[in-house]
Amino acid sequence: MRTREEALAYGLSFAGTYQESPFHDPNWQLVRVKGSKKAFLWTYERNGYMNLNVKADPEWRDFWRSAYASVTAGWHQNKEHWNTIILDGTIPDADIKRMIAESYDLVTDSPAKRIYEAVKKIPKGRVASYSQIAELAGDRKMARAVGNALHKNPDPASIPCYRVVNARGELAGAFAFGGEGVQADLLKADGIEVINGKVDLKKYGIKVTDGCFSYPD
């Protein structure tokens, strides 16, 4: 990857993104995320090379800088959180794309996104409580936010929110899944017994320890 066009095309391949030139200077072309309007890819020419600024997780920031001489502290930006990639041909395309993808992931991170990812981890035949999902998502105190996020589930086919019950094993109200008994039917299809609107957590629940889940003994 050597050109602005290649970098922008890859940045725009991610969901919900758009290109912008916010400084009325054609040398600066950014790719932002719709909604939050956060930029995750800055492109500009400097010292004869196309440069990219990408956000970097502190755990990977220094790794990339040490791996390639053409990855430096973010020019014109917070050097703690941003790296500059100089497109001089010394960095493999795969690693350039990985750094751009990591930047996208960082700016699109949200509690709801973490909640949905946690729910996806519940295997067929198991259930989790709202507080367990909150813990898997990074904050056990946001159990109420779990309920709100699941009621707005954007992809029920991939995010099995029906596998989430309350701390007593009780199912959600009928409105949550489109009708009376729908959640129970979905759980039964998973092989889970539902008795009087409840699931036996000792039998079907998961355990969460240090942000990871396991099955009960």
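Everything numeric here is computed off the predicted structure, so don't read it as measured data.
With sequence neighbours excluded, the residues that form a salt bridge (charged side-chain N to carboxylate O under 4.0 Å, His left out) with R98 are E102.
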Exercise. Could you walk me through whether N83 and R61 pass the side-chain hydrogen bond (donor to acceptor under 3.5 Å, both in side chains) check?
Worked result: CA-CA 7 Å; N83 277 346; R61 176 196 63 209; 5.7 Å; no
For this session: Give the C-alpha distance, both sets of side-chain angles, the deciding distance and a yes or no for side-chain hydrogen bond (donor to acceptor under 3.5 Å, both in side chains) between E45 and N27.
Result: CA-CA 6 Å; E45 187 175 349; N27 186 40; over 6 Å; no
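With hydrophobic clusters built from ILVMFWY side chains whose heavy atoms lie under 4.5 angstrom apart, L8 shares a cluster with I91. A single hydrophobic cluster is not seen to contain both I86 and W64; linkage of ILVMFWY side chains at heavy-atom distances under 4.5 Å, directly or through other members, places them apart.
A salt bridge does not link E193 to K188: none of the charged side-chain nitrogens sits closer than 4.0 Å to a carboxylate oxygen. Looking at E117 and R114, no side-chain N of the basic residue comes within less than 4.0 Å of a carboxylate O on the acidic one, giving no salt bridge.
Taking every heavy atom of both residues into account, I122 and A128 meet most closely at CD1-CB, 3.8 Å. Residue P26 comes nearest to Q29 through the heavy atom pair O-NE2, 3.2 Å, listed as atom of the first residue, atom of the second, then distance. Contact detail for A7 and T43: the closest heavy-atom pair is CB-CG2, 4.4 Å.
Screening T108, I100, D105 against F40 for a side chain to side chain contact (heavy atoms under 4.5 Å, CB included) leaves a single residue, I100.
Between F63 and W60, the angle of the ring planes goes over 60°, which puts this pair in the perpendicular group of the 30/60° scheme.
Here W82 sits in one hydrophobic cluster together with F23, W28, L30, W42, Y44, W75; the rule is ILVMFWY side chains under 4.5 Å apart, joined directly or through other members.
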